[in-house]
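Reading through the structure tokens given below for one structure.
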Amino acid sequence: MQTLLDVILPVFLVIGFGYFSVWKGYFPVSGVDGVLRFAQSFAVPCLLFQAIANLDLGASFDAGLLFSFYIGAAICFALGTFGARLFFKRDWEDCVAIGFCCLFSNSVLLGLPISERAYGADSLTGNYMIIAIHSPFCYGLGITVMEFVRNRGQSGLALTRSIGRAMFHNPLVIGILAGFAVNLSGLAIPSVVDDALSLVVRAALPAALFALGGVLIQYKPEGDMKAIAMVCLIALVVHPAIVWLMGSALSVPTDLFRAGVLTAAMAPGFNAYIFANMYGRSRRVAASSVLIATASSIFTVWIWLTVLG
């Protein structure tokens, strides 16, 4: 119970504050859109850029963590995609969008603040390792499969161009790549620039959580409840369980193991809806899954934190 009070509830109270403010009309939807754009397009990319630029890649890299997390994510993508086809008879484009909901954990808006509150700011190395390739991996997999099923018979060059356009117009991917460029070049960020980045970074997570709450009120949980329940089960239970089993088998160090399991236990990220909306497929399932899984994760994350110790 203390974990729930000290770690999880403060994060969800900020989300709830954003939700309540928009619901009661104290904060306009247009304002939430602006806050979300600031968080996702500027503040969070700055956070990722600064974190990765200063990350000791040699000391931080752990193949076992990344292998267990991303093999688990790919398995969940397949389960969601083929589950939607087998059990709900959806067409393949809908199936891929539903599978993407099972693939994309909310590693930044929920994973970072909950991990920080649970284990401290110095324990986030594993989180940043996962986040560094999260968007490239998930969008790369999702877009590749979606473009393949949408354009059966399309040339490989055209498919590659479609994937590249979607990937490199994503601010999170740009921030991550810029961070790697600075890190690998060995160049130091000038102190005045680093201080300015720190000011923006401090606003990133609170702004993103508030905006997430404000956006969630626009998602009405209706219809497709069996498909939504499948997404929630895979995202909140199956993915962290796979990471737990594989991470244990690969003897992933404790701090990184916790980061992997906890990040896998996050609800589908806001990008799940962005992906569905981008292709105009399964938008109601994606929107409702984000809302219901985010609310449900208050309790499932508490359980996973208790199990992790």
Side-chain angles (χ1 to χ4, degrees), residues 1 3-4 7-9 11-12 15-16 19 65 68-84 87-88 97-115 117-119 126-127 130-131 134 137-138 142 209 212-213 215-216 219 221 224-248 257-276 282 284-309:
M1 181 61 70
T3 301
L4 178 67
V7 176
I8 301 172
L9 282 186
V11 172
F12 284 94
I15 296 173
Y19 189 99
L65 169 64
S68 60
F69 184 89
Y70 284 109
I71 289 296
I75 290 172
C76 290
F77 176 69
L79 290 175
T81 300
F82 289 104
F87 297 118
F88 310 121
I98 292 171
F100 193 87
C101 295
C102 303
L103 167 69
F104 207 107
S105 305
N106 198 336
S107 60
V108 175
L109 303 191
L110 292 180
L112 277 179
I114 289 177
S115 295
R117 292 194 63 82
Y119 304 116
N127 296 73
I130 292 170
I131 291 169
H134 197 220
F137 176 87
C138 294
L209 291 172
L212 178 62
V215 168
L216 285 178
Y219 296 167
D224 298 311
M225 290 308 297
K226 290 182 180 179
I228 294 165
M230 181 190 72
V231 171
C232 293
L233 176 65
I234 292 173
L236 301 179
V237 179
V238 176
H239 190 187
I242 292 173
V243 177
W244 178 289
L245 292 173
M246 296 187 68
S248 299
F257 177 78
R258 287 173 171 170
V261 174
L262 199 55
T263 303
M266 295 299 113
F270 190 69
N271 286 280
Y273 179 74
I274 292 174
F275 183 87
S282 296
R284 185 167 61 185
V285 173
S288 298
S289 294
V290 172
L291 174 60
I292 293 172
T294 298
S296 301
S297 66
I298 296 175
F299 305 101
T300 57
V301 170
W302 177 26
I303 293 171
W304 283 111
L305 281 169
T306 302
V307 171
L308 287 168

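Keep in mind that the numbers below use all heavy atoms, side chains included, and drop hydrogens, waters and symmetry copies. Heads up: numbering here begins at 1 and tracks the sequence.
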For a quick test of your reading: what N or O donor-acceptor pairs under 3.5 Å do the side chains of residues 227-241 make, sequence neighbours left out?
| residue | atom | partner | partner atom | Å |
| --- | --- | --- | --- | --- |
| His239 | NE2 | Phe69 | O | 3.1 |
| His239 | NE2 | Ala73 | N | 3.3 |

Open item on the list: How close do Gly80 and Cys102 get, counting heavy atoms only, and between which atoms?
Closed with: CA-SG, 3.8 Å

TODO: State which residues pass side chain to side chain contact (heavy atoms under 4.5 Å, CB included) with Leu245; sequence neighbours excluded, sorted by chain then number.
DONE: none

Open item on the list: Does any part of the side chain of Leu262, heavy atoms only, come nearer than 4.5 Å to the side chain of Leu305, both counted from C-beta?
Closed with: yes

TODO: Calculate, to the nearest 0.5 Å, the distance between atoms CE and CD1 belonging to Met225 and Ile292 respectively.
DONE: 4.0 Å

Task: Distance-minimising heavy-atom pair for Ser105 and Ala264 - done: OG-O, 3.8 Å

- [ ] Specify the closest pair of heavy atoms between Cys138 and Phe100, including all atoms of both residues, with the distance to one decimal.
- [x] O-CE1, 3.3 Å

Task: Side-chain touch Leu291/Ser288, heavy atoms, less than 4.5 angstrom - done: no

- [ ] Begin from the C-alpha positions of Val108 and Asn127 and carry the test side chain to side chain contact (heavy atoms under 4.5 Å, CB included) through to its verdict.
- [x] CA-CA 9 Å; Val108 175; Asn127 296 73; over 6 Å; no

Open item on the list: I need the Asn106 CG to Ser297 OG distance, nearest 0.5 Å.
Closed with: 8.5 Å

Open item on the list: Within the structure provided, determine whether Met266 and Thr294 are in side-chain contact (heavy-atom separation under 4.5 Å).
Closed with: no

Open item on the list: In the structure I gave you, are the side-chain heavy atoms of Leu209 and Leu110 within less than 4.5 Å of one another anywhere?
Closed with: yes

Open item on the list: Applying side chain to side chain contact (heavy atoms under 4.5 Å, CB included), can you list everything that pairs with Phe87, at least two apart in sequence or on another chain?
Closed with: none

Task: Nearest heavy atoms of Phe275 and Ala97, plus distance in Å - done: CE2-CA, 4.1 Å

Task: Nearest non-hydrogen partners of Ala293 and Pro268, listed with the distance - done: CB-CD, 3.4 Å

- [ ] Mark yes or no for whether Ser68, through its side chain, and Leu65, through its backbone, hold a donor-acceptor pair below 3.5 Å.
- [x] yes

Open item on the list: So, taking the atom named OG1 in Thr263 and the one named CD1 in Ile130, what distance separates them when rounded to the nearest 0.5 Å?
Closed with: 4.0 Å

- [ ] Compare all side-chain heavy atoms of Phe104 with those of Val290 and state whether any distance is below 4.5 angstrom.
- [x] no

- [ ] Give the minimum heavy-atom separation between Ala265 and Trp304, together with the two atoms involved.
- [x] CB-CD1, 3.6 Å

- [ ] For the residue pair Leu103 and Tyr70, establish whether any side-chain heavy-atom pair is separated by less than 4.5 Å.
- [x] no

Open item on the list: Classify the ring geometry of Trp244 against Phe257: parallel below 30°, tilted from 30° to 60°, perpendicular beyond 60°.
Closed with: perpendicular

